[in-house]
Amino acid sequence: AKDQGRNTYQFYTEGMQEREVMRLELDKDLNQALTNNEFVLYFQPQLDLDTGRINSVEALIRWQHPRRGLLPPGDFIPLAEESGRITDIGRWVVMAACRQLAAWQGTPFEHLRVAVNLSGRELDDDALVDHIREALESEQVPPERLEVELTEEIFIQNIERNREQLSRLRQLGVHLAIDDFGVGYSSLGYLRDFPVDLVKIDRSFITEVTERHDDAVITHAVINLAHNLGIRVVAEGVEAEAQLDFLRHHHCNLAQGYLISRPIPAVGLEEALGKGRLV
Ligand code: C2E
Ligand code: CA
Ligand code: CA
Ligand code: CA
């Protein structure tokens, strides 16, 4: 038993060391990633439940790593947040989204709105709003084509400054969405105090919404609350037809999830939309 304990311990520390080495390596590689143009945006469509059309997509970053292959954001975004590199990545994301929007002008996809994810850390950047304005202007994209998704964390830290940043964004004409709604903090006062256009009900409520009474009640309540405040609602993580039926029945505005489509590169999205495969 003693030996076993020691082996377990060794195995554990080796595992930790390996992870730490990988972390350090990735952190070093992140330096190069922007210069080498290794990031890509994937797009996940949102189904408009009133019209049955795709009018918006969420941009989700991927890292085409030279040795490790295509990495999901969970592998490097937290790292980039710690090191502060997230600011530059965020700028790249905004610019890439604006370029895509510009590329869609004059095509059958010009009605699409693109939502980008920004972490609380990115909101700390005073130049953020100016950068977004400049990106929109240089690509000649109407600001209302761009949406920014933020999580509830921004309502507990730096509240005053975040409120100011959000108002400036909203004045610019950019839409604001609250991501992962419901998992964060119990205070809903911010829905009153901040200019929110959209809430995205977290996937954890949707996964069992047709099986669990409590998830159904919460989802229904969030939809009603948001609607009574003039806020539209997206459900995340929709994987089953029955979930879509539930959401339609309860007048949710938009649905996003693997049932409709996984996140895909722009070319794949255009092809799927062109063939009417997503609706
Ligand atoms: P998120 O913003 O909540 O994005 C939704 C995540 O759920 C995405 O994972 C998406 O691929 C996944 N997803 C979508 N539909 C389904 C479904 O039906 N079932 C399941 N199981 N999953 C689904 P992804 O792309 O790995 O992104 C993870 C997180 O990384 C995002 O969560 C977001 O917080 C962050 N992220 C992604 N792109 C960016 C970015 O450009 N900037 C920043 N700061 N964060 C980003
Ligand atoms: Ca999001
Ligand atoms: Ca989310
Ligand atoms: Ca999330």
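Note that ligands are numbered from 1 as they come in the structure, with each ligand's atoms numbered from 1 the same way. Residues: numbered from 1 along the sequence shown. The analysis underlying the following values was restricted to heavy atoms, covering all of them including side chains, and did not include hydrogens, waters or symmetry mates. All of these numbers come straight from a predicted model, not from anything done at the bench.
The structure places CD1 of I54 at 5.0 Å from CG of L47, a figure rounded to the nearest 0.5 Å.
Within the structure, the closest approach of E122 to ligand 1 falls below 4.0 Å when heavy atoms are considered. The closest approach between R62 and ligand 1 falls below 4.0 Å for a heavy atom of the residue. Ligand 1 is never approached by G74 to a heavy-atom distance shorter than 4.0 Å. Within the structure, ligand 1 has E236 among the residues with a heavy atom less than 4.0 angstrom away. Heavy-atom separations between E58 and ligand 1 include at least one value shorter than 4.0 Å.
Relative to the ring axis of F39, R62 does not place its NZ or CZ within 45° and under 6.0 Å from the centre.
Of the N or O atoms in E81, none lie within a sub-3.5 Å distance of an N or O in ligand 1.
Which parts of ligand 1 touch G257 is read off a 4.0 Å heavy-atom cut-off, strictly below it: atoms 15 (N), 18 (O). For ligand 1 and P263, the ligand atoms under 4.0 Å from any heavy atom of the residue are 11 (O). When each atom of ligand 1 is checked for a heavy atom of E239 under 4.0 Å away, the hits are 17 (C), 18 (O), 19 (N), 20 (C), 21 (N). For ligand 1, the atoms closer than 4.0 angstrom to any heavy atom of D179 are 1 (P), 2 (O), 3 (O). Residue contact check: Q44 has heavy atoms under 4.0 Å from atoms 14 (C), 15 (N) of ligand 1. Taking a cut-off of under 4.0 Å to the non-hydrogen atoms of S119, the atoms of ligand 1 that pass are 44 (N). Close approach of ligand 1 to R203 is summarised as follows: ligand atoms under 4.0 Å from at least one heavy atom of the residue are 19 (N), 20 (C), 21 (N), 22 (N). Each of the following atoms of ligand 1 lies closer than 4.0 Å to a heavy atom of V238: 18 (O).
When all heavy atoms are compared, the tightest approach of L112 to L101 is O-CD2, 3.4 Å. Nearest heavy atoms, S204 versus D215: O-OD2, 4.0 Å. Taking all atoms of both residues into account, the shortest heavy-atom contact from I86 to S119 is CG1-OG, 3.8 Å. Annotation for V199 and A226: closest pair CG2-CB, 4.1 Å, computed over non-hydrogen atoms.
Here I89 has no heavy atoms under 4.0 Å from ligand 1, in either its backbone or its side chain. Heavy atoms of V93 found under 4.0 angstrom from ligand 1 belong exclusively to the side chain. Contact annotation: for D180 versus ligand 1, heavy atoms closer than 4.0 Å belong to the side chain alone. At a heavy-atom distance under 4.0 Å, no atom of Q256 approaches ligand 1.
Hydrophobic clustering (ILVMFWY, side-chain heavy atoms < 4.5 Å, transitive): V217 and F246 are in distinct clusters. Hydrophobic cluster membership is shared by V93 and L79, with clusters built from Ile, Leu, Val, Met, Phe, Trp and Tyr side chains linked at under 4.5 angstrom. Following chains of ILVMFWY side-chain contacts shorter than 4.5 Å, one cannot reach Y42 starting from L146, and the two form parts of different hydrophobic clusters. By the rule that hydrophobic residues join a cluster once side-chain heavy atoms approach within less than 4.5 Å of another member, V234 and L229 end up as members of separate clusters. There is no path of hydrophobic side-chain contacts, each under 4.5 Å, that joins L225 to L198.
A salt bridge links K200 with E149; the closest basic N to acidic carboxylate O contact falls under 4.0 Å. A salt bridge links E82 with R23: at least one charged nitrogen is closer than 4.0 Å to a carboxylate oxygen.
Taking the N/O/S atoms of D180 in turn, the shortest distance to the Ca ion (ligand 3) belongs to OD1. The Ca ion (ligand 3) lies closest to atom OD1 when only the N/O/S atoms of D179 are considered.
When A255, G237, P73, A235 are checked for heavy-atom proximity to atom 37 (C) of ligand 1, P73 turns out nearest.
The Ca ion (ligand 2) lies at the vertex of an angle of 90° between the OE2 atom of E58 and the OD1 atom of N117 (rounded to 10°).
Between the Ca ion (ligand 3) and D202 there is no N/O/S contact shorter than 3.0 Å. For the Ca ion (ligand 3), the N/O/S atoms of E149 include none lying under 3.0 Å.
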Practice prompt. Apply ring pair (Phe, Tyr, Trp, His ring centres under 6.0 Å) to the pair F43 and W104, showing each step before the final yes or no.
Written response: CA-CA 13 Å; F43 298 93; W104 279 332; 5.7 Å; yes

